[in-house]
Amino acid sequence: MGDEIRRNMALFPIGIVMKLTDLTARQIRYYEQHELIVPARTAGNQRLFSFNDVERLLEIKSLIEKGVNIAGIKQVMNPLNMESEEATVMSEQSEVKRRELSDAQLHRLLKQQLLEKRPGKASMIQGQLSRFYNKH
DNA sequence: CTTCTCACA
DNA sequence: TGTGAGGA
């Protein structure tokens with residue numbers, strides 16, 4: 001299977017995404033209401049996020065921190081809704097252009113973020129990882 | 001225990 | 001955006 005479909009596979013529940021992005025469940029659900037992200041759902045209505053969803057949330061977070069509101073973010077970010085495999089293939093071109101982080105980088109960064117999430121020290125989302133997205 | 005929706009002292 | 005209720 002291709003890289004795109006792998007990045008779009010619904011994998012983690014909201015709890016993991018909260019740790020990965022340092023966003024509250026409220027915020028994540030709120031951004032979903034505004035269609036900034038479109039996570040999949042399990043049979044039990046539980047949200048399942050893909051790597052792309054996490055990346056988008058990180059971008060949204062950096063934009064919010066820059067003072068951009070929902071309306072502004074909707075414009076800045078492509079009004080995409082890559083759900084079907086066809087849509088994924090069609091947006092492949094623009095997808096590649098948008099992507100600046102390699103799989104290796106992203107996986108390493110998110111893994112660290114997840115492990116570093118124990119109480120005590122500050123998250124690196126506000127440091128190293130955020131720099132990638134704040135440059136956008 | 002985790003997540004979901006809805007609503008607001 | 002936070003938070004609690006009430007259910008799955």
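Per chain, numbering begins at 1; letters A, B, ... match sequence-line order.
Neither A/Leu48 nor A/Leu57 shares a network with the other; the hydrophobic side chains, linked directly or stepwise wherever heavy atoms of I, L, V, M, F, W or Y lie under 4.5 Å apart, form separate groups for each.
Ranking C/dG2, C/dT1, B/dC4 by closeness to the A/Thr24 side chain, first place goes to C/dG2. Side-chain proximity of A/Asn45 to the nucleotides B/dC4, C/dT1, B/dT3 is greatest for B/dC4.
A sub-4.0 Å separation between OP1 or OP2 of B/dC4 and a side-chain N or O of A/Arg47 is present. Between C/dT1 and A/Tyr31, a contact under 4.0 Å exists linking OP1 or OP2 to a side-chain N or O. Note on A/Arg41: a side-chain N or O is less than 4.0 Å away from OP1 or OP2 of B/dT5.
At whole-Å resolution of the value, CD in A/Glu32 and P in B/dT3 are 14 Å apart. C/dG2 atom C1' lies 13 Å from atom OH of A/Tyr30, rounded to whole Å. Look at CG on A/Asn69: it is 11 Å from P on C/dT1, rounded to the nearest Å. One can place CD1 of A/Ile64 at 11 Å from C1' of C/dT1, the figure rounded to the nearest angstrom. Atom CD in A/Gln33 sits roughly 10 Å away from atom C1' in B/dC6 (whole-Å rounding). Rounded to a whole Å, the CZ atom of A/Arg29 is 10 Å from the C1' atom of B/dT2.
Each of A/Gln46 and A/Arg26 was assigned the nucleotide of DNA chain C with the nearest heavy atom; the assignment lying further toward the 5' end belongs to A/Arg26.
We find that A/Glu55 and A/Arg7 are joined by a salt bridge, their nearest charged nitrogen and carboxylate oxygen being less than 4.0 Å apart. Look at A/Lys66 and A/Glu59 and you find no salt bridge, because none of the NZ, NE, NH1 or NH2 atoms lies under 4.0 Å from a carboxylate O.
The aromatic rings of A/Phe51 and A/His107 are tilted relative to each other, their planes meeting at an angle between 30° and 60°.
Among the atoms of the strands shown, only primed sugar atoms or phosphate atoms (P, OP1, OP2) are found under 4.0 Å from some heavy atom of A/Gly15.
Pair check for C/dG2 finds B/dC8; Watson-Crick or G-U wobble, both atom distances under 3.5 Å. Under the Watson-Crick or G-U wobble criterion, with both distances below 3.5 Å, B/dC1 is left unpaired in every strand shown.
Contact annotation: the side chain of A/Met77 approaches that of A/Arg56 to within less than 4.5 Å [non-hydrogen atoms, C-beta and beyond].
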